[in-house]
Amino acid sequence: MFFLSVYLPLLTFGNETASTLLFPFITTLDKVQLQWLIFDRATLFFALSLVTFIMLLTSLLLWQSSIIMNQYFPGLKQKYHIVALSVSIFIICLCIPSWQETEKLLWWNTAFRFYILIVLPLIIFLIGVRRKRLS
């Protein structure tokens, strides 16, 4: 993205004109009719936001998984846990043959997600009510 934001105005207007513009990348996107999806400003913002969110979510899940693994294997450093998790997740993802298989896996996972969403909070609530009565 940095490469595009610098070189698109330079290649469109030239060095002399692009250096005088206040926002050369936005001016380039407004002046040149690019029909590609990624160069639309609103789409570009949403795409970058989505990629940023996915990267943050993935890094958080990887960090949480490495913390859990560190409880079970305390002898290894955390960075080795992260590398092992990343490699194993990558290999598992390579074993998925098609999008239909991915949809089937998500369908199988639905019951477990509903269990976590409904049953688990209900059980925790009931345990809390029981403890409150006992004390």
Side-chain angles (χ1 to χ4, degrees):
M1 288 311 301
F2 290 118
F3 178 80
L4 289 176
S5 67
V6 171
Y7 285 104
L8 274 178
L10 285 176
L11 294 173
T12 304
F13 299 118
N15 188 20
E16 305 299 327
T17 308
S19 63
T20 61
L21 297 172
L22 183 60
F23 299 110
F25 183 66
I26 294 174
T27 306
T28 304
L29 293 179
D30 286 340
K31 297 295 180 193
V32 179
Q33 290 295 327
L34 295 174
Q35 299 300 322
W36 300 328
L37 180 70
I38 192 69
F39 292 119
D40 187 27
R41 275 192 289 167
T43 308
L44 181 67
F45 171 74
F46 289 127
L48 287 177
S49 299
L50 183 64
V51 167
T52 304
F53 173 74
I54 290 171
M55 293 294 287
L56 287 173
L57 179 68
T58 304
S59 63
L60 179 67
L61 289 173
L62 192 60
W63 175 73
Q64 287 176 340
S65 300
S66 70
I67 294 294
I68 291 170
M69 282 186 65
N70 198 21
Q71 296 295 320
Y72 291 109
F73 306 108
L76 292 174
K77 291 185 179 179
Q78 189 173 0
K79 63 182 175 181
Y80 296 128
H81 293 294
I82 292 174
V83 170
L85 280 170
S86 300
V87 169
S88 62
I89 290 170
F90 180 73
I91 291 171
I92 290 170
C93 288
L94 287 178
C95 294
I96 299 174
S98 66
W99 184 251
Q100 287 79 23
E101 293 294 322
T102 306
E103 288 178 348
K104 187 172 29 171
L105 290 173
L106 286 174
W107 183 250
W108 289 349
N109 192 13
T110 304
F112 181 66
R113 286 185 284 166
F114 276 124
Y115 172 77
I116 289 176
L117 184 69
I118 296 170
V119 175
L120 207 60
L122 185 63
I123 290 173
I124 292 172
F125 175 73
L126 293 175
I127 289 172
V129 169
R130 182 174 172 232
R131 280 196 181 180
K132 189 174 181 180
R133 280 188 199 163
L134 294 176
S135 62

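In this structure, OG on Ser59 lies 12.0 Å from CD1 on Ile54, to the nearest 0.5 angstrom. Rounding to the nearest 0.5 Å gives a distance of 10.5 Å between CG of Leu57 and CG of Leu50. Considering CD1 of Ile67 and NE2 of His81, their distance stands at 9.0 Å, rounded to 0.5 Å. The distance from the CG atom of Leu10 to the OG1 atom of Thr17 is 10.0 Å, given to the nearest 0.5 Å. Put simply, CG on Asn70 and CD1 on Ile82 are 10.0 Å apart, with the number rounded to the nearest 0.5 Å.
Linking Ile, Leu, Val, Met, Phe, Trp and Tyr residues whenever their side-chain heavy atoms come within less than 4.5 Å places Met69 and Tyr72 in a single cluster. Linking ILVMFWY side-chain heavy atoms closer than 4.5 Å, directly or via other members, places Leu76 and Leu85 in two distinct hydrophobic clusters. Cluster annotation: Leu122 is connected to Val129 through the hydrophobic network of ILVMFWY side chains, with a link wherever side-chain heavy atoms come within less than 4.5 Å. In terms of hydrophobic clustering, with Ile, Leu, Val, Met, Phe, Trp and Tyr side chains grouped at heavy-atom distances under 4.5 Å, Phe114 and Leu120 are assigned to different clusters. Each of Leu117 and Leu61 belongs to its own hydrophobic cluster when Ile, Leu, Val, Met, Phe, Trp and Tyr are linked at side-chain heavy-atom distances under 4.5 angstrom.
Contacts classified as side chain to side chain donor-acceptor pair (under 3.5 Å) and involving residues 110-134 (residues at least two apart or in different chains) are given here: Thr110-Arg113.
A side-chain donor from one of Glu103 and Trp99 sits under 3.5 Å from a side-chain acceptor of the other.
The hydrophobic cluster around Leu94 extends to Phe90, counting ILVMFWY residues whose side-chain heavy atoms fall within less than 4.5 Å of a member.
Looking only at side-chain heavy atoms (C-beta outward), Val51 and Met55 come within less than 4.5 Å of each other. In this structure the side chain of Leu56 never reaches within 4.5 angstrom of the side chain of Phe53, judged on heavy atoms.
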